[in-house]
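These numbers were taken from a predicted model, which means no experiment stands behind them.
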Amino acid sequence: MENFEFVSPTHFVFGRDVEMQVGAKLAERGAKRVLLHFGGQSAVRSGLIDRVKASLAEAGVECVELGGVRPNPEITLVREGVAIAKREKIDWVLAVGGGSVIDSAKAIANGACIDCDVWELFETKRVNPQVLPIAVVLTIPAAGSEASKNTVISNDELGMKSGYANNFHRPKLAFMNPELTFTLPPFQTAAGVTDMFCHLLERFFDDVGAVPVTDNLNLSLMKTVRAEAPRVLADPGNYDARANIMWAGMLCHQGLAGAGRNEDWATHGMEHELSAYDTSITHGAGLAVLFPAWMEYVHGENPARFAQYGREVFGLTPTGDVEADALSAIDETRAFFMSLGMPTSLVELGICEDELEGAIERMLPTLRANKGDVFGSFKKLTMEDAANIYRLAL
């Protein structure tokens with residue numbers, strides 16, 4: 001087990017109608033004026049924004065609204081939020097939405113407390129201890145951003161998508177009502193499930209070897225996500241299934257599942273370039289395409305690890321041939337993503353064979369800028385390796 005630090009300051013409020021407690025909980029913590037940050041119109045049409053605003057007003061907490069967060073949130077709106085936060089003397093940022101909204105809120109909370117442009121944090125990766133406190137009303141379980149130290153923001157001008165990790169911007173409050181996810185489109189639900197499952201894969205497959213307590217947490221969560229996903233897709237109003245998915249999504253990326261491990265994150269890094277290249281690509285869908293390709297490319301580093309994963313998560317019976325068992329586990333992973341309705345090739349994402357080499361040529365420079373010349377831990381990858389994995393995913 002590797003040395004590690006683990007920070008988890010988030011107060012979770014979980015269950016039916018918990019969004020009605022937002023105002024009271026924020027007021028208890030001294031909030032006076034919050035930036036209410038959200039995405040498109042679905043949260044408005046559903047009445048959720050009005051319920052949150054009513055809860056704030058009842059508690060005497062003022063709010064300033066900033067909507068319009070897109071999937072793969074972009075730095076321009078973040079900069080607008082930073083300007084509003086400084087001008088309006090905002091003391092909390094309240095995100096109502098999924099990972100994109102929460103990531104945007106984290107970037108705003110950082111930028112509101114520094115004198116330089118917030119994008120500099122994504123370039124330098126320096127730790128910023130001065131951050132506005134953040135609260136979250138979660139509507140899309142997927143990214144785990146409601147409790148994580150991570151945020152990912154796109155910069156369209158640079159054609160870049162970059163992550164920034166900072167324990168100081170972990171949300172202080174997370175309101176999690178599974179009923180808010182009942183009306184999610186099936187594709188969005190499936191993409192979220194894929195993302196959380198891949199968060200576990202990034203942690204389970206690294207260069208450390210066995211860390212039983214963390215390994216078993218990962219494997220248990222994988223089995224739970226795999227079991228609950230078809231229940232949610234078949235019966236979107238199943239409260240217990242939605243609740244299990246929502247809580248698992250948080251645990252998949254809060255950090256506990258990686259304690260004592262180095263973690264890999266090569267595939268997420270490569271997917272960020274993919275969805276920066278084409279911002280219409282949903283993160284979970286991109287991961288569904290790239291992860292099996294990564295697995296095929298690297299499994300030879302430790303096929304026994306893949307065989308163990310296949311036994312524990314998919315119930316595969318050992319054949320005595322570890323290589324064959326590893327490949328079967330990869331096949332099962334691809335089949336699981338397919339069963340959710342996820343794409344399995346870059347072609348399905350709209351990138352044809354004639355376009356691929358040009359796309360790779362555009363993605364590799366920003367991949368290198370974000371990840372370095374060599375990246376990943378399960379197998380150290382070069383830019384040539386990355387190009388080969390993209391080709392394998394075609």
(request) Write down the atom of Ala210, the atom of Arg261, and the distance for their closest heavy-atom approach. (result) C-NH1, 4.2 Å
(message) Could you see if Val44 belongs to whatever hydrophobic cluster contains Val69? Use Ile, Leu, Val, Met, Phe, Trp, Tyr and a side-chain cutoff under 4.5 Å.
(response) no
(message) Could you check whether Tyr297 and Trp294 have their ring centres less than 6.0 Å apart?
(response) no
(message) Applying salt bridge (Lys or Arg N to Asp or Glu O under 4.0 Å) as the test, list every pair that has at least one member in residues 3-29; sequence neighbours left out.
(response) Arg16-Glu179, Glu19-Arg51
(request) Run the salt-bridge test on Glu296 and Arg334 with the 4.0 Å N-O cut-off and return the result as yes or no. (result) yes
(message) For a salt bridge (Lys or Arg N to Asp or Glu O under 4.0 Å) check, start with the C-alpha distance between Arg33 and Glu88, then their side-chain angles and the critical distance, and finish with the verdict.
(response) CA-CA 8 Å; Arg33 192 167 176 80; Glu88 299 291 337; 2.6 Å; yes
(message) So does Thr344 get a backbone contact from the side chain of Glu348, meaning a donor-acceptor N/O pair under 3.5 Å?
(response) yes
(request) Answer yes if the side chains of Glu123 and Tyr164 hold a donor-acceptor pair under 3.5 Å, and no otherwise. (result) no
(request) Would you check, one step at a time, whether the test salt bridge (Lys or Arg N to Asp or Glu O under 4.0 Å) holds for Asp156 with Lys161? (result) CA-CA 8 Å; Asp156 289 354; Lys161 187 175 179 181; over 6 Å; no
(message) Out of the candidates Asp103, Asn150, Thr151, only one should pair with Ser145 under the side chain to side chain donor-acceptor pair (under 3.5 Å) rule; please name it.
(response) Asp103
(request) Output, in order, the C-alpha distance, side-chain angles, deciding distance and verdict of salt bridge (Lys or Arg N to Asp or Glu O under 4.0 Å) for Glu273 and Arg362. (result) CA-CA 9 Å; Glu273 303 310 322; Arg362 280 181 53 186; over 6 Å; no
(request) Among Ile108, Asp117, Ile84, find the residue that satisfies the side chain to side chain contact (heavy atoms under 4.5 Å, CB included) test when tested with Arg79. (result) Asp117
(request) Take the angle between the ring planes of His199 and His253 and call it parallel below 30°, perpendicular above 60°, tilted in between. (result) parallel
(message) Are Leu251 and Phe175 linked, directly or through intermediate hydrophobic residues, by side-chain heavy-atom contacts shorter than 4.5 Å (ILVMFWY only)?
(response) no
(request) Flag the pair Lys53 and Glu65 as a salt bridge only when some basic side-chain nitrogen lies within less than 4.0 angstrom of an acidic carboxylate oxygen. (result) yes
(request) For Tyr309, check ring pair (Phe, Tyr, Trp, His ring centres under 6.0 Å) against everything at least two apart and list the hits. (result) Phe205, Phe314
(message) Ring centres under 6.0 Å, that's the criterion: do Trp265 and Phe375 meet it?
(response) no
(request) Kindly compute the distance separating CG (Leu346) from CD1 (Ile360), expressed to the nearest 0.5 Å. (result) 8.5 Å
(request) Compare every heavy atom of Val225 with every heavy atom of Cys252, then report the nearest pair and how far apart it is. (result) SG-CG2, 4.5 Å
(request) On the 0 to 90° scale, with breaks at 30° and 60°, tag the Phe122-Trp119 ring pair as parallel, tilted or perpendicular. (result) parallel
(message) For Ala105 versus Val93, what's the shortest heavy-atom pair and its separation?
(response) CB-CG1, 3.6 Å
(request) Inspect the contact between Asp115 and Lys86 and indicate whether a charged nitrogen and a carboxylate oxygen are less than 4.0 angstrom apart. (result) no
(message) Tell me whether Leu274 shares a hydrophobic cluster with Val298, the cluster being built from Ile, Leu, Val, Met, Phe, Trp, Tyr side chains joined at under 4.5 Å.
(response) yes
(message) In this structure, would Met338 and Leu233 fall into the same cluster of hydrophobic residues linked by side-chain contacts under 4.5 Å?
(response) no
(request) Looking only at non-hydrogen atoms, find the nearest pair between Ala285 and Leu349 and report the distance. (result) CB-CD2, 4.1 Å
(message) To the nearest 0.5 Å, what is the distance between CE on Met20 and CD on Glu58?
(response) 7.5 Å
(request) State the OG1-CZ distance between Thr10 and Arg170, to the nearest 0.5 angstrom. (result) 7.0 Å
